[in-house]
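Note that the numbering runs from 1 along the sequence shown for the chain.
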Amino acid sequence: MNRKRHAVLLLPLLLATACTHKPPASVTTDLDPEQNFFMVNNQSGPAEDNATTLQGLTDGLAYTSTNNRCIDNLNMLREEGAERYPQYLEEYQKLSEAFIFLNTNKNIMDQAAKRIYTMELKMKVETLCSKIQYSNFVLVHEKRKMLSGI
């Protein structure tokens, strides 16, 4: 009987709490690109939940995603020893330095100059990430060709 009484008393309290509880705010994408370097490049890829894997062969060998498609692709090129990895890394570091310059000086820059500089940086990041993504595609294609002989 005590359990029923407690359940009757707790149920309205739980319902009232559930109705007033706010879910956590999601990440906003309305920030200026100069405020968030990685937002410029946040590309999401398709999830492959239905992919079949060979359990036991791949356990413990998977790299954790950074939730940034460009960085993940760059890391894959590094791990596979891709020929163009050093060039891409150097370009990415230069872009990072450019964003540091922008963030350091954004309060004293002319608004038009800041907007143009930001647009150019965004375009350069997107171009570099597209090159990295294509290099990954070529790398995976070569790996697939190796499998065709099995």
Side-chain angles (χ1 to χ4, degrees), residues 10-11 13-150:
L10 288 177
L11 185 61
L13 181 62
L14 289 174
L15 290 175
T17 305
C19 292
T20 60
H21 176 68
K22 280 187 171 180
S26 61
V27 176
T28 58
T29 57
D30 57 344
L31 295 173
D32 289 333
E34 69 265 17
Q35 293 176 351
N36 186 351
F37 171 59
F38 295 106
M39 180 200 71
V40 171
N41 176 28
N42 191 10
Q43 305 170 18
S44 26
E48 296 195 19
D49 294 334
N50 300 336
T52 52
T53 59
L54 296 174
Q55 290 294 73
L57 292 178
T58 59
D59 289 345
L61 297 177
Y63 292 103
T64 305
S65 173
T66 62
N67 293 325
N68 181 314
R69 180 62 63 190
C70 190
I71 295 293
D72 288 344
N73 286 336
L74 190 61
N75 286 338
M76 185 173 158
L77 291 176
R78 179 191 71 218
E79 292 301 321
E80 292 299 319
E83 185 178 307
R84 301 201 62 165
Y85 170 76
Q87 175 192 348
Y88 293 149
L89 180 63
E90 182 181 339
E91 289 177 26
Y92 203 89
Q93 288 170 340
K94 285 179 183 177
L95 289 171
S96 295
E97 290 170 8
F99 271 97
I100 290 170
F101 167 79
L102 178 64
N103 284 326
T104 303
N105 297 299
K106 67 183 175 185
N107 294 329
I108 57 175
M109 287 177 81
D110 176 65
Q111 290 300 315
K114 182 169 78 170
R115 193 173 325 124
I116 290 170
Y117 191 72
T118 301
M119 286 189 306
E120 185 171 352
L121 280 175
K122 182 178 178 180
M123 185 175 57
K124 298 272 185 191
V125 168
E126 290 173 350
T127 301
L128 176 60
C129 289
S130 293
K131 289 178 187 177
I132 292 170
Q133 185 176 13
Y134 179 73
S135 291
N136 264 339
F137 174 79
V138 170
L139 177 74
V140 170
H141 181 68
E142 289 172 2
K143 297 282 184 181
R144 284 183 55 230
K145 282 174 43 179
M146 289 174 30
L147 287 175
S148 67
I150 297 176

Handout entry: Among Tyr88, Phe137, Tyr85, side chain to side chain contact (heavy atoms under 4.5 Å, CB included) partner for Ile132
Key = Tyr88
Closest approach of [X] to [Y] (non-hydrogen atoms, all atoms of both residues):
| X | Y | answer |
| --- | --- | --- |
| Met109 | Lys114 | CE-CA, 3.9 Å |
| Asn136 | Leu74 | ND2-N, 4.5 Å |
| Ser65 | Asn67 | OG-N, 3.0 Å |

Euclidean distance, [Y] [atom2] relative to [X] [atom1], rounded to 0.5 Å:
| X | Y | atom1 | atom2 | value |
| --- | --- | --- | --- | --- |
| Leu77 | Leu139 | CG | CG | 6.5 Å |
| Tyr117 | Lys106 | OH | NZ | 13.5 Å |
| Glu97 | Thr104 | CD | OG1 | 11.5 Å |
| Glu142 | Lys145 | CD | NZ | 6.5 Å |
| Ser135 | Gln133 | OG | CD | 10.0 Å |
| Asp72 | Cys129 | CG | SG | 11.0 Å |

Practice task
For a side-chain hydrogen bond (donor to acceptor under 3.5 Å, both in side chains) with Gln87, tell me which candidate from Glu83, Glu91, Glu90 qualifies.
Solution key: Glu91
Exercise for the section: Find out whether Val140 and Met76 are in side-chain contact, i.e. whether some heavy atom of one side chain is under 4.5 Å from a heavy atom of the other. Expected result: yes
Exercise for the section: Check whether any side-chain heavy atom of Glu80 sits under 4.5 Å from a side-chain heavy atom of Lys143, and report yes or no. Expected result: yes
Practice task
Please identify each residue that fulfils side chain to side chain contact (heavy atoms under 4.5 Å, CB included) with Ile116, with sequence neighbours left out.
Solution key: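 Side chain to side chain contact (heavy atoms under 4.5 Å, CB included) list for Ile116, sorted by chain: Met119.
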